[in-house]
Number of protein chains: 2
Amino acid sequence: MPATKNDIVAEFTRELIRVNTAFRQYIQAMLRRNNMDLTFEMLQVLACLWNTDGVNQQEIANLTVKDKASVTYLIDNLTKRGLVVRKEDEGDRRNKLVLLTDAGKALKTEVEPWIQEMHAFAGVDMPVQAIKDCMQVMIKFRENLGMEISSDNC
Amino acid sequence: MPATKNDIVAEFTRELIRVNTAFRQYIQAMLRRNNMDLTFEMLQVLACLWNTDGVNQQEIANLTVKDKASVTYLIDNLTKRGLVVRKEDEGDRRNKLVLLTDAGKALKTEVEPWIQEMHAFAGVDMPVQAIKDCMQVMIKFRENLGMEISSDNC
DNA sequence: CCAACAAAGTTAAATACTTAACTGTTATTG
DNA sequence: CAATAACAGTTAAGTATTTAACTTTGTTGG
């Protein structure tokens with residue numbers, strides 16, 4: 001049976017899930033190996049804050065591609081672990097700024113090299129241009145499906 | 001600030017999540033629009049069965065890239081809705097074969113055109129070769145991360 | 001001004017995923 | 001043949017996601 005274009009798109013969606021799972025499992029294995037009491041999702045949030053501390057929750061939601069309700073939940077969990085605190089934005093009191101604690105900042109030194117290592121490891125034997133081309137395909141899929149999500153950097 | 005290769009890999013992982021989300025949201029909107037009492041995940045399982053009925057749960061887990069515990073849960077939900085039944089495999093009594101009911105089969109006629117439509121819609125202005133190249137990049141990422149997941153068709 | 005709307009965050013309920021321990025069945029091999 | 005390993009499925013607990021309703025605060029246009 002010859003694969004039609006639709007079959008190929010279908011297979012693409014499955015590969016999407018597989019590679020997503022691969023990244024998550026790699027990180028979770030890394031966290032476990034180093035006895036970090038963190039999940040992949042908490043790390044996504046921390047990574048945003050390590051880049052720019054003190055952003056509000058909606059912005060974290062945009063950057064991590066999560067729902068704002070999920071972010072509320074994750075910030076609760078990170079607060080319990082003493083890694084972040086919420087602070088009301090005095091300029092706009094609807095916002096709550098999320099700030100790293102000292103413990104949260106200290107984690108960066110420990111974890112960021114591992115993340116860099118993963119990115120380097122993942123990209124072995126992979127030309128930058130091929131990755132960019134692949135992203136263009138993904139963006140095109142997303143646009144075709146009518147999702148206009150902003151692509152800001154984290 | 002010039003983007004390093006690692007930055008590009010990092011952005012790739014975010015785009016991965018975005019396009020994944022786009023596909024899921026498209027399908028959920030479609031299901032809701034047509035008053036289907038189904039989730040994206042249940043549909044993934046049904047799609048496997050519409051292709052080949054009577055496979056066991058582990059195989060469904062492989063095909064949908066899910067954990068077998070998740071599949072137990074989803075089959076429970078589909079059973080409650082009267083769309084599938086479990087049947088012990090008499091050849092190997094460890095297995096439970098999952099079989100479509102008449103209602104489950106009837107759904108195929110209704111839903112499959114929408115899925116085909118989505119795949120066609122998603123693939124507009126996208127050369128097949130570009131999609132294949134993109135999948136090769138994703139597979140390479142997965143291999144680099146040390147995940148050797150089988151890539152059987154569904 | 002103020003009424004209507006929009007935006008940020010929270011909450012609760014339903015669904016889903018992950019991990020690990022567990023049961024039962026089959027395969028291996030000493 | 002019996003011990004052991006491997007495999008399929010279930011269960012339970014913890015975590016995550018989604019949706020919708022809700023509160024609070026800010027913006028805007030008549």
Side-chain angles (χ1 to χ4, degrees), chain A residues 17-18 20-29 31-33 36-45 54-81 84-98 147 150, chain B residues 17-18 20-29 31-33 36-45 54-81 84-98 147 150:
Chain A
I17 298 176
R18 284 188 205 109
N20 222 341
T21 304
F23 273 103
R24 189 198 280 97
Q25 288 184 347
Y26 181 97
I27 287 186
Q28 278 177 340
L31 292 170
R32 162 182 293 285
R33 199 164 46 241
M36 298 274 110
D37 179 26
L38 285 179
T39 63
F40 176 79
E41 287 79 11
M42 293 179 207
L43 196 54
Q44 286 182 288
V45 173
V55 299
N56 69 28
Q57 297 186 195
Q58 182 58 56
E59 203 154 348
I60 293 174
N62 295 340
L63 293 169
T64 57
V65 198
K66 293 183 190 302
D67 194 87
K68 64 182 177 174
S70 298
V71 171
T72 294
Y73 172 82
L74 288 169
I75 301 294
D76 284 347
N77 260 346
L78 288 170
T79 301
K80 275 184 211 153
R81 285 166 170 76
V84 306
V85 291
R86 287 184 173 92
K87 179 178 177 303
E88 196 176 66
D89 182 349
E90 297 178 3
D92 183 341
R93 290 170 51 223
R94 288 173 302 185
N95 296 346
K96 291 188 185 166
L97 306 182
V98 181
M147 306 291 160
S150 77
Chain B
I17 297 176
R18 284 189 206 108
N20 223 342
T21 304
F23 273 104
R24 191 199 279 95
Q25 288 184 348
Y26 181 97
I27 287 186
Q28 278 177 339
L31 292 170
R32 163 181 294 285
R33 199 164 46 242
M36 298 275 109
D37 179 27
L38 284 180
T39 63
F40 176 78
E41 288 79 10
M42 293 179 207
L43 195 55
Q44 286 182 288
V45 173
V55 299
N56 69 28
Q57 297 187 194
Q58 182 58 57
E59 202 155 349
I60 292 173
N62 296 340
L63 293 169
T64 57
V65 197
K66 293 183 190 302
D67 194 88
K68 65 181 176 175
S70 299
V71 172
T72 294
Y73 172 81
L74 288 169
I75 300 295
D76 283 349
N77 260 345
L78 287 171
T79 301
K80 276 182 210 154
R81 285 166 170 76
V84 305
V85 291
R86 287 184 173 92
K87 179 177 177 304
E88 196 176 67
D89 181 349
E90 298 179 1
D92 182 341
R93 289 169 51 223
R94 289 173 299 186
N95 297 346
K96 291 188 185 168
L97 307 181
V98 181
M147 305 290 160
S150 77

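Proteins get letters first, then strands, A, B, ... in listed order; numbering begins at 1 in each.
Checking Val98(B), Val45(B), Leu74(B) one by one against Gln57(B), the side chain to side chain contact (heavy atoms under 4.5 Å, CB included) holds for a single residue, Val98(B).
Here dT15(C) presents its P atom at 12 Å from CG of Leu78(B), a figure rounded to the nearest Å. Counting to the nearest Å, the C1' atom of dG9(C) and the CD1 atom of Ile75(A) are 11 Å from each other. Distance CG (Asn20(A)) to C1' (dT17(D)): 14 Å, rounded to an integer number of Å. The NZ-C1' distance, from Lys68(B) to dA8(D), rounds to 6 Å in whole Å. Taking atom CD of residue Gln44(A) and atom P of nucleotide dT17(D), one finds them 7 Å apart after rounding to whole Å. Rounded to an integer number of Å, the gap from CD of Gln58(A) to C1' of dG26(D) is 15 Å. When the P atom of dA14(C) is taken as reference, atom NZ of Lys80(B) falls 11 Å away, rounded to whole Å. When the P atom of dA16(C) is taken as reference, atom CG of Leu43(B) falls 11 Å away, rounded to whole Å.
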TODO: Show your reasoning for whether side chain to side chain contact (heavy atoms under 4.5 Å, CB included) applies to Leu31(B) and Thr39(B).
DONE: CA-CA 8 Å; Leu31(B) 292 170; Thr39(B) 63; 5.8 Å; no
- [ ] Determine, stepwise, if the pair Leu38(A) / Leu78(A) fulfils side chain to side chain contact (heavy atoms under 4.5 Å, CB included).
- [x] CA-CA 9 Å; Leu38(A) 285 179; Leu78(A) 288 170; 4.3 Å; yes
TODO: Start with the C-alpha gap between Ile27(A) and Leu43(A), add the side-chain angles, then the distance that decides, and say whether side chain to side chain contact (heavy atoms under 4.5 Å, CB included) holds.
DONE: CA-CA 9 Å; Ile27(A) 287 186; Leu43(A) 196 54; 3.7 Å; yes
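At least one side-chain nitrogen or oxygen of Thr72(A) sits closer than 4.0 Å to the OP1 or OP2 atom of dT10(C). Between Arg32(B) and dA20(D) there is a side-chain N or O to OP1 or OP2 distance below 4.0 Å. Between Gln57(A) and dT10(C), a side-chain N or O to OP1/OP2 separation shorter than 4.0 Å is present.
Considering only residues two or more places apart in sequence or on other chains, Arg93(A) meets the side chain to side chain donor-acceptor pair (under 3.5 Å) condition with none of them.
Comparing Arg24(A) and Ala69(A), the nucleotide of DNA chain C nearest to each residue sits closer to the 5' end for Ala69(A). Where Val71(B) and Gln28(B) each meet DNA chain D at their nearest nucleotide, the meeting point lying more 5' is that of Val71(B).
Taking a 6.0 Å sphere around CZ of Arg86(B), one finds it holds more than 12 heavy atoms contributed by other residues, nucleotides or ligands.
With hydrogens and angles disregarded, no donor-acceptor distance shorter than 3.5 Å links the side chain of Asn95(B) to the backbone of Leu97(B).
Asn20(B) and Ile17(A) get closest at one heavy-atom pair: OD1-CG1, 4.0 Å. A pairwise comparison of heavy atoms in Phe23(A) and Phe40(A) identifies O-CE1, 4.4 Å as the closest pair.
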Could you list the protein-to-nucleotides 14-16 of chain D atom pairs, N/O on both sides, closer than 3.5 Å?
from    : atom 1 : to       : atom 2 : distance (Å)
dA16(D) : OP1    : Thr39(A) : OG1    : 2.3
dA16(D) : OP2    : Asn77(A) : ND2    : 2.8

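A heavy atom lying under 4.0 Å from DNA chain C marks the following residues of residues 85-95 of chain A, by number: Arg86(A), Arg94(A), Asn95(A).
Looking at heavy-atom distances under 4.0 Å, Lys96(B) makes contact with sugar-phosphate atoms alone, never a base.
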